[in-house]
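The next block holds one structure in the form of C-alpha cells; read it before the comments.
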Amino acid sequence: TYGPPMAVAPLPNVRQVVEYALTEIPAEKLWLGIPNYGYDWTLPFVRGESQARSLSNVAAVEQAAQVGAAIQFDPVAQAPFYTYTDPQGREHIVWFEDARSIRAKLELAGGNGLNGVGYWNVMRYFPQNWLVLNALFTLRQVL
C-alpha cells in the first residue's frame with residue numbers, strides 16, 4: 001500500500017521471481033501466490049507519505065462504472081487499470097486483477113510446472129477468477 005502506483009503483480013516481475021526460484025527450488029515444491037485485490041492511489045504519489053487504498057477486484061470494476069472511467073489493459077504488466085478524478089478534484093489511478101491478468105499468472109505457473117497456486121486474500125468475492133481457474137486446471141483441495 002505504500003509503494004508507487006503500478007500493477008499489483010506485473011507479469012514480467014512475477015516471471016523473473018519464478019525463473020529465479022526455479023534455479024534454487026524444484027518446480028514441484030513451488031506454489032505461485034496470486035493477488036486477489038487491487039489498489040487505488042491518489043496522485044501525485046509521494047514516497048513515504050502516500051498510501052493506496054486496497055479494494056477488491058469486483059469493487060474496482062464497480063467503482064470504474066460509478067466514476068465513468070474506461071478500464072484499460074497494460075499488455076506488458078498484463079494488468080487492468082483506470083484513472084479518475086474524485087469529487088475533491090484529486091486524480092487517482094487504480095490497478096487490479098481481472099480474468100486476463102489472472103489467466104496470465106495461471107499460465108505462467110502451469111507452463112513452468114509449478115505445484116500449484118495460492119491466493120492472497122481468497123475471501124474477497126471474485127467470480128472471474130474461479131471461472132478461469134476451472135477452465136485451465138483440475139482443482140484439488142490441499143489441507
Side-chain angles (χ1 to χ4, degrees), residues 1-86 90-143:
T1 60
Y2 291 98
M6 60 183 278
V8 176
L11 193 63
N13 301 49
V14 176
R15 181 178 290 115
Q16 184 179 20
V17 170
V18 167
E19 288 171 355
Y20 170 74
L22 288 170
T23 68
E24 301 291 326
I25 304 166
E28 62 273 8
K29 292 185 176 183
L30 290 174
W31 290 69
L32 180 65
I34 296 182
N36 186 31
Y37 51 87
Y39 288 118
D40 180 337
W41 283 269
T42 303
L43 301 175
F45 172 79
V46 179
R47 186 169 301 282
E49 293 180 24
S50 296
Q51 180 181 0
R53 178 176 62 92
S54 177
L55 70 169
S56 73
N57 299 310
V58 171
V61 172
E62 289 171 349
Q63 178 176 264
Q66 289 169 354
V67 300
I71 295 174
Q72 302 172 62
F73 192 79
D74 183 313
V76 175
Q78 287 290 297
F81 69 97
Y82 60 90
T83 61
Y84 72 97
T85 302
D86 68 23
R90 298 174 299 188
E91 188 177 352
H92 290 249
I93 187 164
V94 177
W95 287 89
F96 62 103
E97 301 292 330
D98 70 0
R100 299 166 292 179
S101 63
I102 293 296
R103 181 182 183 111
K105 290 170 185 68
L106 292 172
E107 288 176 341
L108 178 67
N112 282 283
L114 304 187
N115 192 35
V117 301
Y119 288 87
W120 293 100
N121 209 337
V122 72
M123 296 306 292
R124 287 191 166 169
Y125 179 69
F126 184 37
Q128 289 180 22
N129 173 76
W130 308 117
L131 294 171
V132 173
L133 183 67
N134 193 47
L136 294 175
F137 298 100
T138 301
L139 306 180
R140 64 183 170 88
Q141 183 177 6
V142 178
L143 300 174

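What you see is a predicted model; the values in this text were computed from it and never measured.
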Output the distance between atom [atom1] ([X]) and atom [atom2] ([Y]), rounded to the nearest 0.5 Å.
X: Leu32; Y: Asn115; atom1: CG; atom2: CG; answer: 12.0 Å
X: Thr85; Y: His92; atom1: OG1; atom2: NE2; answer: 8.0 Å
X: Phe126; Y: Asp98; atom1: CZ; atom2: CG; answer: 6.5 Å
X: Leu108; Y: Ile34; atom1: CG; atom2: CD1; answer: 9.0 Å
X: Ser56; Y: Tyr37; atom1: OG; atom2: OH; answer: 13.0 Å
X: Gln128; Y: Ser101; atom1: CD; atom2: OG; answer: 8.5 Å

Using only atom types and a distance under 3.5 Å, with no angle test, would you say the side chain of [X] pairs donor to acceptor with the backbone of [Y]?
X: Lys105; Y: Ala9; answer: yes
X: Arg100; Y: Pro75; answer: no
X: Asn112; Y: Leu114; answer: no

Of all heavy-atom pairs between [X] and [Y], which one has the smallest distance, and what is that distance?
X: Pro35; Y: Ile102; value: O-CD1, 4.0 Å
X: Leu30; Y: Ala21; value: CD1-CB, 3.8 Å
X: Ala7; Y: Ala79; value: CB-CB, 3.6 Å
X: Tyr82; Y: Ala60; value: OH-O, 2.7 Å

(message) Take a 6.0 Å sphere around CH2 of Trp130 and say whether it holds more than 12 heavy atoms from other residues, nucleotides or ligands.
(response)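 Yes.
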
(request) Count the heavy atoms of every other residue, nucleotide or ligand shown that sit under 6.0 Å from CZ of Phe73, and state whether that count exceeds 12. (result)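 Yes, enclosed.
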
(request) Just do the side-chain contact (heavy atoms from CB on, under 4.5 Å) check on Ile71 and Phe81 with the steps written out, would you? (result) CA-CA 6 Å; Ile71 295 174; Phe81 69 97; over 6 Å; no

(request) Not counting sequence neighbours, list each pair that qualifies as a side chain to side chain donor-acceptor pair (under 3.5 Å) and has a residue in residues 3-19. (result)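 Checked against side chain to side chain donor-acceptor pair (under 3.5 Å) - neighbours excluded - no pair reaches residues 3-19.
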
Mind checking side chain to side chain donor-acceptor pair (under 3.5 Å) for [X] and listing every partner two or more places apart, or none if nothing turns up?
X: Asn129; result: Tyr119
X: Glu107; result: Arg103
X: Arg90; result: Asp86, Gln88
X: Gln78; result: none

(request) Could you check Phe96 against Asp40 for side-chain contact (heavy atoms from CB on, under 4.5 Å), going step by step and ending with a plain yes or no? (result) CA-CA 9 Å; Phe96 62 103; Asp40 180 337; over 6 Å; no

(message) By the ring pair (Phe, Tyr, Trp, His ring centres under 6.0 Å) test, which pairs, at least two apart or in different chains, include something from residues 8-30?
(response) none

(message) I want to know whether Tyr39 and Trp95 have ring centres closer than 6.0 Å.
(response) no

(message) As a quick check of understanding, evaluate side chain to side chain donor-acceptor pair (under 3.5 Å) for Glu49 and Tyr2, giving each step before the final call.
(response) CA-CA 8 Å; Glu49 293 180 24; Tyr2 291 98; over 6 Å; no

(request) Consider only side-chain N and O atoms of Glu91 and Tyr84, and report whether a donor and an acceptor are under 3.5 Å apart. (result)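 The criterion, which ignores hydrogens and geometry beyond distance, is not satisfied for Tyr84 and Glu91.
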
(request) Give a yes-or-no answer on whether the side chains of Glu97 and Asn36 include a donor-acceptor pair shorter than 3.5 Å. (result) no

